Amino acid sequence: MEDPEAQPGEDPVIKPLNLDHHFAESPAESVTKVAKPGKSSEAAKPKVSAPANSTRKRSDTRNGSELSSGFARSTVSSSLRSSNSVAVTRRNSTGGLSEKSSASTARQQNNTSSIAGKKPSTLLATESVRRSLPELRGSSLSSSATKLTPRANLSETRKSVPVSPVGRSLSTSTASGTSIQKTLRKSTVKPSSSASSSLKKISSSSLDSTASSASKKTISKVSSPITRSPTVSSGLRSGSLSSSLDRSSNLSGRKKAATPESRDSHFIVLPQVEIKAGDDVRLDLRGHRVRNLNAGGLNLSPNLEFVYLRDNLLSTLEGVEILTRVKVLDLSFNDFKGPGFEPLANCKALQQLYLAGNQITSLISLPQLPNLEFLSVAQNKLKSLAMASQPRLQVLAASKNRISTLKGFPYLPVLEHLRVEENPILKMPHLEAASILLVGPTLKKFNDRDLSRDELALAKRYPTHTALCIRDGWEFSRPEHAADSTFRFLFEQWKDHFPPGYLLKEASIDKPFEEDACRCHIVFVQESTLSIDSDIILKYKWFLGERTLSNFTAIPDVNGEVYWPKHEDINKILKVECIPVLGETEYPSIFAISSPVTRGNGIPKVVNLEVHGELVEGNVIKGHAKVAWCGGTPGKGVASWLRKRWNSSPVVIAGAEDEEYQLTLDDIDSSLVFMYTPVTEEGAKGEPQYKYTDFVKAAAPSVNNVRIVGDAVEGNVIRGVGNYFGGREGPSKFEWLRENKETGDFLIVTSGTPEYTLTKEDVGRRLAFVYIPINFEGQEGESVSIVSGTVRQAPPKVTNVKIIGDLRENSKITVTGAVMGGTEGSSRVQWFKTNSSTLNGENELEAMSTSKVAKAFRIPLGAVGCYIVAKYTPMTPNGESGESVYVITERVVETLPPSLNFLSITGDYSEGGILTASYGYIGGQEGKSIYNWYLHEVENDMGTLIHEVSGLLQYRVTKDAIGKFISFQCIPVRDDGIVGEPRTCLGQERIRPGSPRLLALQIVGDAVEGTILSVEKNYWGGEEGDSVFRWFQTSSDGSQCEIRGASGSSYMPTVDDIGFFISVSCEPVRNDWARGPIVLSEQIGPIVAGPPTCQSLEFLGSIMEGQRLSFTASYIGGERGDCLHEWFRLKANGIKEKLSSDEFIDLTLDDVGRSIELVYTPIRKDGIKGNSRSIISDEISPADPVGLALVIPDCHQNQEIVPLKTYFGGQEGVGKYTWHRTKTKPNGLVLTDISSSSEDVMCGQTFTYTPSLEDVGAYLVLQWLPTRVDGQSGKPLVAISSSAVIPAPPAVSSVHVKQLTSGIYSGEGEYSGGYEGSSLFSWYRETSDGTIILINGANYKTYEVTDADYNSRLLFGLIGSKKKKEARIYSNI
């Protein structure tokens, strides 16, 4: 029979399922009556004209609010049941075909199908499957909805048509829902008002949630109708297994599925048959007793998408693999037991799988189904949910099973609903929190309820790896214990695979932040009891995953302890696997899992700062910063360089604001500081970080750009210059070479000066200037030379000749002129004097000097009163002279009082240098002028006279002058005794110390092991600082090695030096760290072994009773042998008692008050003994008094108790003992303060104690205060008897009879042996013949005489416990 609503060309539509919580009933089990045609209620008037998206939003909003509505009531109202339509009988177990339907129902169905046929459906098959998802509701249907109607005939059944569902599905956003709404709107069915009102009150199930976003393809988009509707089973084709609908309805009485009692659970999910799907894609064989899917006539085909096989006898899935396109597969209420689900692996398109009501014990064989979204396994015998991962599963219904553990819980990345009601695991505390940890943030509902805020908060307190531990069988515990408990759980899993000798101490990962260093901490520790030859090596591999149970993906090229999470890693979880390697063996890996990667704070920070490049002057160094941007956009940081000299603060280098910096002369012997401040593009600044370099070294001396400055003309002065590089320039060398015209070679002309005056010999030749750079330390670099042009010749001529200067005695005058055709330097000047103011020729002139090149002249005393004449003769460098020119002063030379016209100090301002004072005297003939030298702490102080050099013009600088200024004072004195004004010249700089050096170095001492060798040296060069000594050992073959640790001015040869020569080097160091050349001393040796000697002997340990005393001895004298050490106890009478020859002794009570002597005899390996050495300790002091043990033996009444005690701490004195009696046995806390207990009674203060009657049944407590003989007490010790005081055996004594009154007697006696109980009394009558007769009834303490007692004696008997005492009394009655 064709589906009236399935039109050619339309996609099959899956009808939304209807589920209530009487899941034993199918949708066909309810009696549904169709109302007469009429107006539909408001609930059945959807806005079909609205767009699908807007409709979906309304549905999502409403469904989200309905999620928490709990359980819904039955959708069948009384008004529907009272309608005029004929009741339809449906199959009891699966909702099979109805047997009878009213004409109105048929007409309604026909109208619906006709309308639907006019407007084709636009739903996709996938959306239809999702719409068919069941809805879980909490309440059962009303009783009226479950009543069964009598069965109708087959013809009526075939005519019946299902009623379209009414309810929430009318307002869904799906196309099918819209189609149904249109159909119902155009239908003539008019539901009653009560039916519509009941529909408004219906709440959706928790599985119909639409809380997730509309864009996400989840079950929340599925509309779940509330009302039950009868369905038509149209899946049977011609020739199918059963074509008779009557036969299928007869199965409603099956024991397995017919009775509601067999399906009394409220949690079984059953699908509703999609009647709109065509027969080519749908198969409905519910309740047909199908036993095998491979049975003939079953007609399974690959095209089937909706297969309903509920209520059959299937026990195997063989044959299901043909259903490659199946989307909905209902196998509920069959005979499946599992495993055996492997054939489902071929059903890749399966979206809904129903396995409820079977006997399944395990899902371990259920394969991974890539499109499975809904799985119902309720009412089975599952003990766990262990199965393959289901990547798209959104609903898992597993209620009413035997699930008792979460072990093996699968990875379900999109699970939203989990139901495990009526399972033993519900007894597990905080099961919901554990489920949140296993599933992750997608979980929306647990057991049909919104997730508890408390459980969500609790789940966040667990370590990230908790889910893995739960899946592996960890017993869920409180979060405060989870970290230690899970680590122990993982440790137990891993421990059998650890490298031998190692234990795991820690396995964790730091909290990860975006673009920040995240370090893992995998720590193995070595067991102290084992010796491991090789060290353990750890190999790391990092992984990234969405959550803890997900399949982690390896992060390429990350194999270290640190990983830098990227921006795309935010909210993901890191995992690191660590493989321990010991030797060549790799052991199984262990792992650690981080918390989710947190977004960075945007503030960058420098993780590592480095400076690359060689620290040599002139080189370019580069600072490199490794920055964690912490979520900010990487920007350009701020870089700067600082210079730090020794013992000073860093100073910013102006202009050095780039990451690269070229080292200059100023950087030599300084440390550079690279400062870097990270800055993001957003402007966020991090903390600046610094990196110090080592000290910068000077480059090797060199020179470039060497050139000759000056005109190459005869007589001119030319100068060689160049750009020096390589530290501070020292006494660089300069050479001038002249070209040999014949050979072309250059021969040296002069050296030592960069200037050169061109001479006649240079004319027509070239000159070469050689620059040899030398630094301040004397290191010489590579020379550079330059050649000049050919030297030209010029004719000599002078003009504008003048005499300049003060015409006074001893004044210096100079002649100047403009020389042309030669050089001024080559020209010559001769000085004359004359009495005439005019020049009358050279004959009248008196020469005062010869012709000289020098142009300056100091007026002598003989020129006073005369005119001065200068003869200037210009000359070429080759000696050609021009015409001489004379010039005369305008006035005569004047005389002066004695004075100095100049005063200077020249020489080396360093220790050992020679300073020379020079002065010019004027003022007549000089007499004996006065000279003095002074030392000054500061420039303007008075100074201290140096007596040793008074009257001398030279002074050799001594060590006392270092750091001070020096001055020279000259007082001019004329030969006639007239004294001029004194004049002082202060030196330009402080006296520097000389370069440190050693004038002599030798080793003093005997070349014997154990003998101290000292350095004797003669230091010169300022105040000596910490000079550097290094001692060397030289073998007989000349090989030399440095002695480690020997860096002082003395050294004691050890046994390792025997047979070797010893030498020492010294690098002189001034107190300002200036260093001089290293000097090596002559060798001494070879070193011979010294006598065995004990250099030092000391006790180790505390000098107190109970302590262990050992010693330490320092031995020298060749290779050490078996040295002797003996321990003695020194007694008061001076006698020594040998105690031991061990390495130590334990001090006892016998040693208290006495001293211990240790005698150590050094013995060399060859047996030679040295002198013994001994040490004597102080008197051994007693230990603090301590009670080590106190035991009370068994306690008996009237028996003396002697406690057992153990004392330590010197000689025991008289201790304090206190006995207490207590009715209850005190615990440890009460024992410490027994005296303050209100229930305890002190009963004795002696060492021993005899329990009395009051102690019987009580516990005895003894408090002992241990006391030393000197009265010092220790901490009290308390003991309690193991049992209560045992009473003595019961006994009676002194039994006698006492007459109270006439005829009345009383029996008396004394009882002992605990508290008296019910003692027995008896009276006897003794006759005259000696017969003793018991008087019946006389069993009291008193007895009244009767007539029968006359002529007899009375006897009284008293029985205490087991012993009997009798007292007889003779009566004369």
Side-chain angles (χ1 to χ4, degrees), residues 14-15 17-29 90-96 129 132-137 205 207 228 231 233 235 248 251-252 254-274 282-291 293 304 306-317 320 323 326-338 340-341 343-344 347 350-361 363 366 369 372-382 393 395-401 419 421-422:
I14 303 173
K15 197 170 188 65
L17 294 178
N18 179 33
L19 280 161
D20 54 39
H21 287 273
H22 273 286
F23 293 112
E25 306 170 35
S26 69
E29 293 173 14
R90 294 178 295 177
R91 188 164 65 242
N92 190 30
S93 61
T94 63
V129 174
S132 68
L133 281 173
E135 180 180 23
L136 298 180
R137 300 209 319 267
S205 120
L207 296 183
R228 291 184 171 276
T231 58
S233 176
S248 65
L251 299 177
S252 60
R254 284 176 57 189
K255 181 179 179 181
K256 175 181 176 183
T259 61
E261 288 76 6
S262 64
R263 302 183 186 180
D264 57 355
S265 172
H266 299 283
F267 312 107
I268 301 178
V269 180
L270 299 176
Q272 188 173 2
V273 177
E274 177 54 58
R282 182 187 64 194
L283 177 63
D284 186 2
L285 292 179
R286 295 173 293 169
H288 282 68
R289 295 187 174 272
V290 179
R291 296 180 180 272
L293 294 178
L304 290 175
F306 308 93
V307 178
Y308 305 94
L309 296 173
R310 184 165 71 237
D311 286 305
N312 282 292
L313 302 175
L314 294 172
S315 61
T316 177
L317 285 174
V320 78
L323 302 176
V326 66
K327 296 176 181 176
V328 177
L329 180 58
D330 183 8
L331 299 173
S332 303
F333 296 99
N334 278 278
D335 289 335
F336 293 111
K337 296 182 180 179
F341 296 106
L344 287 173
C347 304
L350 185 60
Q351 298 180 16
Q352 299 178 25
L353 178 59
Y354 299 87
L355 295 171
N358 284 282
Q359 305 294 318
I360 302 172
T361 60
L363 296 175
L366 182 67
L369 301 172
L372 186 65
E373 297 178 353
F374 184 94
L375 176 61
S376 172
V377 290
Q379 195 170 332
N380 278 284
K381 296 181 180 180
L382 294 174
L393 187 64
V395 179
L396 176 57
S399 303
K400 196 164 184 178
N401 275 281
R419 298 193 68 165
E421 298 100 322
E422 293 194 15

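No experiment lies behind these values; they were computed from the predicted model shown.
Of the possible polar contacts, none joining the Asp335 side chain to the Leu314 backbone as a donor-acceptor pair under 3.5 Å is found.
The shortest side-chain heavy-atom distance between Leu369 and Leu375 does not fall under the 4.5 Å cut-off. The shortest side-chain heavy-atom distance between Val320 and Val307 does not fall under the 4.5 Å cut-off.
Counting all heavy atoms, side chain and backbone alike, Ala378 lies closest to Asn401 at CA-ND2, 3.9 Å. Nearest heavy-atom pair, Asn334 versus Asp311, reported as atom, atom and distance to 0.1 Å: ND2-N, 4.2 Å. The shortest heavy-atom contact between Asn312 and His288 is OD1-N, 2.9 Å.
Leu323 contributes atom CG, which lies 8.5 Å from atom CG of Leu283 (distance to the nearest 0.5 angstrom). Note that CZ of Phe341 is 10.0 Å distant from OG1 of Thr316, once rounded to the nearest 0.5 Å. Considering CD of Glu373 and CG of Leu393, their distance stands at 9.0 Å, rounded to 0.5 Å. In this structure, Leu396 CG and Leu363 CG are separated by 8.5 Å, a value rounded to the nearest 0.5 Å. Residue Leu366 holds its CG atom at 9.0 Å from CD1 of Ile360, rounded to the nearest 0.5 Å. Separation of atoms OG (Ser376) and CG (Leu353) is listed at 8.5 Å; rounding is to 0.5 Å.
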(request) Verify side-chain contact (heavy atoms from CB on, under 4.5 Å) between Asn380 and Phe336, making sure each step is shown before the conclusion. (result) CA-CA 9 Å; Asn380 278 284; Phe336 293 111; over 6 Å; no

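Tested against Asp330, the residues Arg286, Arg310, Gln352 include a single side chain to side chain donor-acceptor pair (under 3.5 Å) partner, Arg310.
Every residue two or more places apart in sequence or in another chain that forms a side-chain contact (heavy atoms from CB on, under 4.5 Å) with Lys381 is listed here: Gln359, Thr361, Arg402.
Between Tyr354 and Tyr308, the gap from one ring centroid to the other reaches at least 6.0 Å.
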